[in-house]
2 protein chains.
Amino acid sequence: MYKRGVRALPRNGAAGNGNPTLEEVARVAGVSRATASRVFTASPKVSPKARRAVERAAEKLRYVPNRAARTLVTGRTDSVGLVIPEPTSFLFGDPFFPRLVRGIGEVLSRRQLQLVLLMPQSKEDEARLEGYLSAGHVDGVLMVSLHGNDPLPERVHRRGTPVVLGGKPNVDSPVNYVDVDNVGGARSAVEHLIKIGRRRIATVTGPLDMGAGVDRLQGYHDALRQAGAQIDPVLQESGDFGQPRGAKAMEALLHRRPDLDAVFCASDAMAAGALETLRRHKRRVPQDVAVVGFDDSTIATSTVPPLSSVRQPIEEMGREMARLLLAGLDSPPSGGKRVILATELVVRASSGKGGRE
Amino acid sequence: MYKRGVRALPRNGAAGNGNPTLEEVARVAGVSRATASRVFTASPKVSPKARRAVERAAEKLRYVPNRAARTLVTGRTDSVGLVIPEPTSFLFGDPFFPRLVRGIGEVLSRRQLQLVLLMPQSKEDEARLEGYLSAGHVDGVLMVSLHGNDPLPERVHRRGTPVVLGGKPNVDSPVNYVDVDNVGGARSAVEHLIKIGRRRIATVTGPLDMGAGVDRLQGYHDALRQAGAQIDPVLQESGDFGQPRGAKAMEALLHRRPDLDAVFCASDAMAAGALETLRRHKRRVPQDVAVVGFDDSTIATSTVPPLSSVRQPIEEMGREMARLLLAGLDSPPSGGKRVILATELVVRASSGKGGRE
DNA sequence: TCCTTGCGCGGGAGCGCTCTCAAGGGAGTC
DNA sequence: GACTCCCTTGAGAGCGCTCCCGCGCAAGGA
């Protein structure tokens, strides 16, 4: 005898997981499926009585709408992707990542949107990513800090999915972005060094294939120029945001200009490295050499002396990215919006009183 | 005349987004939808010829399967949730969060699973979360570091969704978890202090409503006991993992036991605070007081002197969590699995040579 | 040559939901 | 009292996919 499939039994699939469906809620509430649906889609066309009945039934059955079914018909997924390229996560100072995600989450959760983390780890992943993002698996995309000129955001944007970048893209692109005022932050750091009487101000830059690296160098130049000072390439050394490179860069700077009296480092980690080197060379900080970092990370308060640093509104950046994306979800595709958030110099002992002015 | 709906036109919804469907791929490939489907579900029952035809058609049309439709019928979502309670993200040293997520992502991406970040930010969010997790919106759940005895993981586990915790739960629970060997790490730190000749070893604990806090204190006790030393409550001060509390706790300890000759801090940030206080009190580190931290964060290398610290395999913890979850997805619900990962003491100047032994 | 075996394939149902359409019924108007 | 209007409701189709069922055909055994 043949084994025969039994048609009447539910198949596997979502039906099998024991979750109540809208159908059941409607039955318990004594209304049609359509009316029950209207309650959950916040449609206004439901009588108070019917609404109450449905709400009670839903509560009783612990009903939770099936997102897949909803997505299938509406075309919305109620989720947004956050793309973080592999190398990025390590460059960031301190609690950058959690703070950013927190800001994003704050705004998204008010709209009941889920955040899907996408971290391509190989070329293969990256190739798949564009398809994934464009296929409607997410309603919008947030991306942080790309190196070089990644074509991905622009491609996805063109395919019609709203995109917001965190950090200025290297190339000129029609994609919306939010950035902190790296130029202004660096400028205020260097202006501060000038104001406390420093004249031979060096800098350790970030990686110059990143917007943040370029802009912080720009701010350094701006401040010097505005003060009528000359820009001396000998006072400039490039780094990678990491502590060891900071130490090495400081070594090189001291070798070339033993008489430098201040250094602006494009990250706190590099500034910590610089402090190390300065100590080894018996330079007093801030008396002989004043030091300012960037990021205002936890490192800044743990060094000796504590680091003056430029504070960035990371949470706010996350929030603003999410807000910009939400605006893009509601209205037709737009581009070219940019939001720049102010930074703030926090002066501590590494450039503070006790100097020689 | 009435406005009449035009039935023939596609409605809004996923059909409107211009993405090709399986139907179209099948048509182009000259096979049935069922056969095309078999190609994408990696079913073996497809002739090489048909398979090639489908693959070519898919490539040509840039076909990406619609996840919602697939989920609707299979009941799988191919995504897992990562739950991070609000207060948590701030407690963690340094690059904890990115490193953990990276480890998780490494394993998940090999299986094409998406990571959905869930950060309940209010009581309301938390209430919704249980429904969300149990309703089949994710195939499994990863959760990190809960305070107190959060009933959520156990509830979700009981409702049939695989769960893996990062960090030991406070209460005894049937939920799988991965943790680093906090007890062993702390023990090795204190044993090291004993070995370099310290006898009055104090500790600044973490929050004692967290597993990590309790276990690190436990390790401190174990090491002392094993060395035949007495456990003196006067040498013990509680903290919160943060730098300011570390500084304050050190103050209290020095006041009570001016003759202490070592301190083990349950986090690097607190150790940095302790160094601050010791400096103010003109204690030399490590000559007068040796200091060891925990986390081996970026702070550890930026202090003066650099901190000895206990290194944790964070990426590996993420990977192991993901692996454990994958195992749970494949096989029937299981519980009670636990994986403890070894830690490693990194000795630097704060407890190193130049001491007085 | 006929029958068995099994592999590959297509037909078709249905997952749970939203949304359009049209119908029912109560209130308001002349 | 008859008619109109609007507010609420239900029926039904269909989103794109997977999987069960059974058919047909080629290969192997008798």
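Naming convention: chains lettered A, B, ... in sequence-line order (proteins, then strands); numbering from 1 in each chain. The figures here come from the full heavy-atom set of this structure, side chains too, leaving out hydrogens, waters and symmetry mates.
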Measure from OH on B:Tyr63 to C1' on D:dC17 and round the result to the nearest Å. 7 Å
If the condition is side-chain contact (heavy atoms from CB on, under 4.5 Å), which residues does B:Arg62 pass it with, not counting sequence neighbours? A:Glu130, A:Arg159
Inter- and intrachain pairs under salt bridge (charged side-chain N to carboxylate O under 4.0 Å, His left out), touching residues 27-38 of chain A, at least two apart: A:Glu23-A:Arg33
Going by the rule side-chain hydrogen bond (donor to acceptor under 3.5 Å, both in side chains), which residues pair with B:Asp330 if we only count those two or more places apart in sequence or in a different chain? B:Arg111
Where the side chain of A:Leu72 is concerned, which of C:dG14, C:dG16, C:dC17 is the nearest nucleotide? C:dG16
Taking side-chain contact (heavy atoms from CB on, under 4.5 Å) as the test, write out the residues that go with A:Val64, two or more places apart. B:Ala135, B:His137
Looking at five pairs on each end of the helix from C:dT1-D:dA30 to C:dC30-D:dG1, what is the angle between the two axes, given to 10 degrees? 40°
With nearest nucleotides of DNA chain C determined for B:Pro48 and B:Ala69 from heavy-atom distances, which residue corresponds to the more 5′ nucleotide? B:Pro48
Sequence neighbours left out, what passes side-chain contact (heavy atoms from CB on, under 4.5 Å) with A:Arg110? Give chain and number order. A:Val107
Would you mind telling me which of D:dT18, C:dC9, C:dC17 lies closest to the side-chain atoms of B:Ala50? C:dC9
Which residues share a side-chain hydrogen bond (donor to acceptor under 3.5 Å, both in side chains) with A:Arg51, sequence neighbours left out: none
With the threshold set at 4.0 Å, does a side-chain nitrogen-carboxylate oxygen contact exist between B:Glu316 and B:Arg323? yes
Let me know the distance between CG of A:Asn19 and C1' of C:dC17, rounded to the nearest Å. 14 Å
On the nucleotide C:dC9, are OP1 or OP2 found under 4.0 Å from the side-chain N or O atoms that B:Ser47 carries? yes
With B:Glu124, which residues qualify under side-chain contact (heavy atoms from CB on, under 4.5 Å), at least two apart? B:Ser122, B:Arg128
Residues in contact with DNA chain D, drawn from residues 25-38 of chain A - heavy-atom cutoff 4.0 Å: A:Val31, A:Ser32, A:Arg33, A:Ala34, A:Thr35, A:Arg38
Just compare C:dG16, D:dC19, D:dC17 and give me whichever is closest to any side-chain atom of B:Thr74. D:dC19
